[in-house]
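Some notes on the structure that comes next.
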Protein chains: 2
Amino acid sequence: MEIRRDIFQAIADPTRRAIIALLALQAMTPNALAEHFNTSRQAVSKHIKILTECELVEQEQQGREIYYSLQIQKMKEIDKWLDQFRKIWETQFNQLDQVLATLKKQKK
Amino acid sequence: MEIRRDIFQAIADPTRRAIIALLALQAMTPNALAEHFNTSRQAVSKHIKILTECELVEQEQQGREIYYSLQIQKMKEIDKWLDQFRKIWETQFNQLDQVLATLKKQKK
DNA sequence: TATACGTGCAATTATCTGGTTGCGCAAATT
DNA sequence: AATTTGCGCAACCAGATAATTGCACGTATA
């Protein structure tokens, strides 16, 4: 199997984003997660599977329970992708800043 | 119509991410965009429509051509969503830093 | 005016997606 | 030993998605 998953596809679903946010705070079992949503445990398990496939989530078995936790450094990939745009919006912000400064100067 | 679109869904598709990256550099027409991909112009137009629906893209008509450009400040929404995780990964980094410092101290 | 060009939109289709239900299995509880 | 609990997996289904083709319309060009 081992389907190549994409982190951008992983965060596209609102339920998965909520799961990610919960797991960022503490490791949880599928049952505990499912209590936060209006869906079945199996549906949550499917989401977890997708998150696991793109290495966003890690599991640790404890007896018959499985605790899932977020691999937070994986989230940096999104941050890294944003870099190309961050450069631009910061430039635009600086330009706006200069315009405002010029206007202020003219007022004097 | 006016379907409420989600920026996270918008960036889920790799072609759309490529379109966003291109439009970040300069405004382009659908035809010009389509030349960069293995799909039809109509397919690109559909992607543009989705990007427009979530206000990621703006259009300016020039004669019979339409130039689309990226509304880059919209990308900050993703950055803002990442904030909650950024706090955590920075904390973890600091903790790692402390561990390393402690190890270094012990070596002395 | 006739023709070519740039574009959006509708209809169609194959595939993906997210959800459900019903298992089976191993671990805990009785 | 029998039952309950937690879990993953497979089958199934309705709706979304991405792509194609065909078309209509306005703008440029001959």
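Every chain is numbered from 1 and lettered A, B, ... according to where its sequence line falls, protein lines coming before strand lines.
- Non-hydrogen atoms lying under 4.0 Å from DNA chain C are contributed by B:Q42, B:S45, B:K46, all within residues 42-50 of chain B.
- In summary, B:E77 and B:K74 engage in a salt bridge, as defined by a charged side-chain N under 4.0 Å from a carboxylate O.
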Next item on the list: For B:R17 and A:D6, run side chain to side chain contact (heavy atoms under 4.5 Å, CB included): C-alpha distance rounded to whole Å, both residues' side-chain angles, the deciding distance at 0.1 Å, then the answer.
Entry: CA-CA 12 Å; B:R17 285 200 300 281; A:D6 189 320; 3.0 Å; yes
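- Residue B:K49 places its NZ atom among 12 or fewer non-hydrogen atoms of other residues, nucleotides or ligands, all under 6.0 Å distant.
- Closest approach of A:M75 and A:L56 over heavy atoms only: SD-CD2, 3.5 Å.
- For C:dT7, the OP1/OP2 oxygens have no side-chain nitrogen or oxygen of B:Q59 closer than 4.0 Å.
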Notebook entry, point to check: Hey, mind stepping through A:K80 and A:D83 against salt bridge (charged side-chain N to carboxylate O under 4.0 Å, His left out) and telling me if it holds?
Noted result: CA-CA 5 Å; A:K80 199 177 171 186; A:D83 265 347; over 6 Å; no
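- Between atom CG of residue A:L22 and atom CZ of residue A:F37 there is a gap of 5.0 Å, rounded to the nearest 0.5 Å.
- The backbone N or O of A:G63 sits less than 3.5 Å from a side-chain atom of A:Q61, completing a donor-acceptor pair.
- We find that CZ of B:R41 is positioned 14 Å from C1' of D:dA19, with the value rounded to whole Å.
- For residues 24-40 of chain A, proximity to DNA chain D is found at A:T29, A:P30, A:N31, defined as any non-hydrogen atom under 4.0 angstrom from a strand atom.
- A heavy-atom distance below 4.5 Å is found between the side chains of B:W81 and B:F8.
- Here the P atom of nucleotide C:dT17 and the CZ atom of A:F8 are 16 Å apart, to the nearest Å.
- Annotation: the span from B:I48 atom CD1 to B:I66 atom CD1 amounts to 8.5 Å, rounded to 0.5 Å.
- Residue B:I78 holds its CD1 atom at 11.0 Å from CG of A:D79, rounded to the nearest 0.5 Å.
- Taken residue by residue, residues 61-68 of chain B places heavy atoms nearer than 4.0 Å to DNA chain C at B:R64, B:E65, B:I66, B:Y68.
- The CD-P distance, from B:E53 to D:dA18, rounds to 12 Å in whole Å.
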